[in-house]
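For clarity, every value in this text was computed on a predicted model and none was experimentally measured. Residue numbering restarts at 1 for every chain, and letters A, B, ... go by the order of the sequence lines.
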Amino acid sequence: MTIRVRFAPSPTGYLHIGGARTALFNWLLARRHGGAFILRIEDTDRERSTPEAIEQILESLRWLELDWDEGPFFQTQRIDLYREAIGKLLDSGMAYLCRCTPGELDAKRERARREKRTYLYDGACRDAGHSDDGTPYVVRFRSSHTAGDVVFEDGVVGLIRKSEQELDDLIMARTDGTPTYNLCVVVDDVEMGITHVIRGMDHLNNTPRQIQIYRALGAEPPKFAHLPMIHGPDGRKLSKRRDAEYRAQGFAVSALEYREMGYLPHALVNYLARLGWAHGDQEVFSRQELVELFSLEGVGRSAALFDAKKLRWLNQTTMKSASHEDLRERLAPHLAGKGVSLPAGEAGQRLVDAHRERSSTLEEMALFLVPYLSDEFEFDAKAVKKHLKPAAAPLVQALITKLEELREFGLQEVETAFRAVVEEQGSKLGKLAQPVRVALTGRSRSPGIFEVVWMMGKERSLERLQSALVEMA
RNA sequence: GGUCCCUUCGUCUAGUGGUUAGGACGCUGGCCUUUCACGCCGGAAACACGGGUUCGAUCCCCGUAGGGACCGCCA
C-alpha cells in the first residue's frame with residue numbers, strides 16, 4: 001500500500017509555523033516512502049476564508065519547497081460529496097434532523113456550566129423522528145453509545161481510549177445546509193484514499209468521533225499521528241495577535257515572515273524538523289537527509305518552545321554552505337529593499353563569500369553590503385569617535401599615498417601597501433586597520449581589511465580615506 | 001469544571017533497569033587574530049515532586065503538582 005498523506009489548512013489567515021511543520025512532516029513522510037502529498041483547502045467557513053489567505057498559504061509552501069502531488073482541492077467545490085454522505089447517513093438512520101435552535105443550545109450549555117456539569121448535547125431531537133417539512137433544522141450524527149470505547153493507536157502518542165458515553169451527537173450540516181468540519185474531513189480523507197492523517201495535537205480530541213463517522217460510512221479509519229504543539233518563546237500558545245511583541249524577540253508566527261526577515265527556507269525547514277523530531281545528536285540536515293531519515297518514531301510527544309536564537313544560528317550555518325547562486329538569488333530582494341544590487345560575476349561572489357559567515361540573516365548581509373554598493377550608508381557614531389582620531393591621520397595619509405601609487409589593485413598589492421606603511425611608521429597593523437575599516441564601511445566590524453579595500457576598489461577607497469582624513473583633523 | 005495529552009540543563013533534545021546522564025542553541029573562560037565572525041579548547045547548567053515494584057530506578061506502575069488541548073450551526 002502506498003502512503004497517501006494530506007495537508008489541510010483552513011484559509012482564515014497566513015500559514016503559521018505550527019501549520020508549516022505539520023505540512024513538512026506530512027511531506028517528509030510522503031517523500032520518504034514514495035507516497036503522495038495532497039493539498040486540500042478547508043474553506044467551508046465562508047465567513048472567514050479569504051482568497052488572500054489561500055494565496056499566502058500556497059506561497060508559503062512554495063517558499064519552503066513543500067511541493068504537493070495532488071490538489072489544491074477546495075472543500076467548497078466538493079459540497080455534493082458531503083451532501084451525498086449526509087444523505088446516506090440519514091437513510092441508514094446514522095444521522096437525524098435536529099430542530100434545537102442556537103438559542104436553546106446556548107441556554108443548555110450555560111446551565112451546564114453554571115451547575116459545573118460537562119455539557120453534552122442531550123439528544124432532544126435524537127428520537128423525535130423529524131422530517132423535512134420546511135422548518136429549519138440541522139443534521140446531527142447519531143453517535144453510537146453501545147459499542148463501548150473507541151480505541152486507536154496514535155503514531156505519536158500511543159494508545160488512545162475514549163468512552164463513547166462522552167461522545168455527543170455532533171452537527172454535520174448547518175441550518176443553511178453546508179456541511180461542517182468533522183464530516184468533511186472524514187468524507188474527504190476516505191474519498192482521497194488518505195492512509196495517514198498527520199496533524200496537530202489540537203485534533204486529538206476530535207479523532208474518536210471521526211472514527212465513529214468512518215465506521216458509520218463503512219470505511220476503514222486511516223492511521224493517525226498527532227504532532228505536539230509549538231508554543232511561543234514565552235511558553236504560551238502561539239497568538240497571531242501578539243506579532244508586535246514577538247517581533248521584538250526575532251520571532252514571528254507567520255511562516256512567510258521568515259522570508260522577509262532574511263531566513264533561508266531550508267534553515268526554517270531544518271529548524272522545524274528538529275522541533276519535535278530528532279535523529280540522535282544530529283542538528284544539521286540536508287533536505288536529502290531529512291527525507292531519508294524521517295520517521296514518525298522519531299517524533300516526540302511534548303510541546304516545544306520556539307527558540308529564535310537557535311534558528312538564527314542554524315540560518316548562519318545554512319548560509320555558510322549554501323551555493324553562491326542560491327544565496328545571490330535570495331539576497332537580491334533584500335538588497336533591492338535598500339536600493340542597491342550586487343555586481344555580476346566574481347566581484348559579487350567575493351562580496352557574498354566574505355560576508356556569509358558573519359551574517360545571521362540575508363537582511364543582515366544586505367546591511368553589510370550596502371557600503372560596497374553605494375555611497376549612501378550610515379556611519380556608526382561610536383566607531384567614528386573611537387577610531388577616526390587625529391593620532392591615526394599620519395598612518396592613513398601614508399596609506400593613501402601608497403595606494404595611489406599602485407598600478408595593480410589586487411588583494412596582494414593592497415596587503416603589501418598596508419604592511420609597508422605599518423613598518424615605515426613603526427606602528428601596528430591594528431592601528432591602521434581599524435580607522436580604515438570605519439572610514440570605508442562606517443563600522444568597526446567587517447571582513448579582513450585587505451579584502452575590504454580590495455573589494456571596495458581603488459577609487460572608492462581613496463575617496464573615503466580622504467574624507468576620513470578631514471574628519472580626523 | 002469534564003475529558004484527553006504532556007513533563008531530562010534557560011531552550012531544542014539523546015539516552016538506559018546499573019552511564020562521570022550525551023549533543024546543540026544560548027551564556028561564559030581561553031586560543032586564533034587587523035575588527036567582527038568562523039574555527040578550536042574549556043566551564044556553569046537537567047532527570048518536577050511523593051509513593052510503590054526491584055538488589056538497584058531518570059527509565060516500569062500509581063498518585064500529586066505544573067503546563068497544554070478540546071468541550072461551536074470554527075477548522
On the side chain of [X], is there an atom forming a donor-acceptor pair with the base of [N] - under 3.5 Å, no angle test?
| X | N | answer |
| --- | --- | --- |
| Gln282(A) | G23(B) | no |
| Arg437(A) | U34(B) | yes |
| Asp43(A) | A75(B) | no |
| Arg358(A) | C36(B) | yes |
| Ser446(A) | C36(B) | no |

Find the distance [X]:[atom1] to [N]:[atom2] and express it as a whole number of Å.
| X | N | atom1 | atom2 | answer |
| --- | --- | --- | --- | --- |
| Leu429(A) | C36(B) | CG | P | 14 Å |
| Glu423(A) | U34(B) | CD | C1' | 16 Å |
| Asp149(A) | U3(B) | CG | P | 14 Å |
| Arg445(A) | U35(B) | CZ | C1' | 9 Å |
| His355(A) | U35(B) | NE2 | P | 16 Å |
| Gln249(A) | U11(B) | CD | C1' | 13 Å |
| Leu305(A) | C6(B) | CG | C1' | 13 Å |
| His279(A) | G15(B) | NE2 | P | 10 Å |

Pick the [atom1] atom in [N] and in [M], then give their distance to the nearest Å.
| N | M | atom1 | result |
| --- | --- | --- | --- |
| C5(B) | C61(B) | P | 13 Å |
| G1(B) | C49(B) | P | 25 Å |
| C9(B) | C47(B) | P | 7 Å |
| C12(B) | U7(B) | C1' | 15 Å |
| C38(B) | C27(B) | P | 10 Å |
| C36(B) | A44(B) | P | 26 Å |
| G67(B) | G26(B) | C1' | 23 Å |
| C25(B) | A46(B) | C1' | 15 Å |

Is there a donor-acceptor contact under 3.5 Å linking the side chains of [X] and [Y]?
| X | Y | result |
| --- | --- | --- |
| Thr76(A) | Asp43(A) | yes |
| Gln210(A) | Asn182(A) | yes |
| Arg83(A) | Thr178(A) | no |
| Arg209(A) | Gln212(A) | no |

In terms of the nearest nucleotide of RNA chain B, which residue is placed more toward the 5' end: Arg419(A) or Arg274(A)?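 Result of the comparison: Arg274(A).
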
Of Val299(A) and Ile449(A), the one whose closest RNA chain B nucleotide lies more 5':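 Residue closer to the 5' terminus by nearest nucleotide: Val299(A).
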
Using purine N1 to pyrimidine N3 plus N6-O4 or O6-N4 for Watson-Crick, or N1-O2 and O6-N3 for G-U wobble, each under 3.5 Å, what pairs with [N]?
| N | value |
| --- | --- |
| A44(B) | none |
| A14(B) | none |
| U34(B) | none |
| C9(B) | none |
| G63(B) | C49(B) |
| C70(B) | G2(B) |

Is the phosphate of [N], meaning OP1 or OP2, less than 4.0 Å from a side-chain N or O of [X]?
| X | N | value |
| --- | --- | --- |
| Ser302(A) | C5(B) | no |
| Arg209(A) | U3(B) | no |
| Lys320(A) | G39(B) | yes |

Does the distance from a Lys or Arg side-chain N to an Asp or Glu carboxylate O, for [X] and [Y], drop under 4.0 Å?
| X | Y | result |
| --- | --- | --- |
| Arg242(A) | Asp234(A) | yes |
| Glu191(A) | Arg78(A) | yes |
| Asp189(A) | Arg40(A) | yes |

Shorter than 3.5 Å, N or O on both sides, protein versus nucleotides 47-49 of chain B: list them out with atom names.
none

Of the listed nucleotides (G22(B), C73(B), C6(B)), which one gets closest to any side-chain atom of Asp281(A)?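 Closest of the options to the side chain of Asp281(A): G22(B).
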
Quick check: does any side chain N or O of Arg126(A) sit under 3.5 Å from a backbone N or O of Asp122(A), one acting as donor and the other as acceptor?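 Answer holds: no.
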
Base-contact (B) and sugar-phosphate-only (S) positions in nucleotides 61-69 of chain B, heavy-atom cut-off under 4.0 Å, - elsewhere: -------SB

Atom CZ of Arg113(A) with >12 non-hydrogen neighbours under 6.0 angstrom: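 Open.
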
If you count heavy atoms of other groups shown closer than 6.0 angstrom to NZ of Lys431(A), is the number above 12?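 Incorrect, the count does not exceed 12.
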
Can His196(A) and Phe25(A) be said to form a ring-ring contact (aromatic ring centres under 6.0 Å, His included), step by step? CA-CA 11 Å; His196(A) 297 251; Phe25(A) 282 21; over 10 Å; no

Full working for side chain to side chain donor-acceptor pair (under 3.5 Å) between Tyr271(A) and Asp307(A): CA-CA 9 Å; Tyr271(A) 179 75; Asp307(A) 183 355; 5.5 Å; no

Indicate, with a heavy-atom threshold strictly under 4.0 Å, whether Glu166(A) touches base, sugar-phosphate, or nothing.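 Answer is sugar-phosphate: Glu166(A) comes under 4.0 Å of backbone atoms only.
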
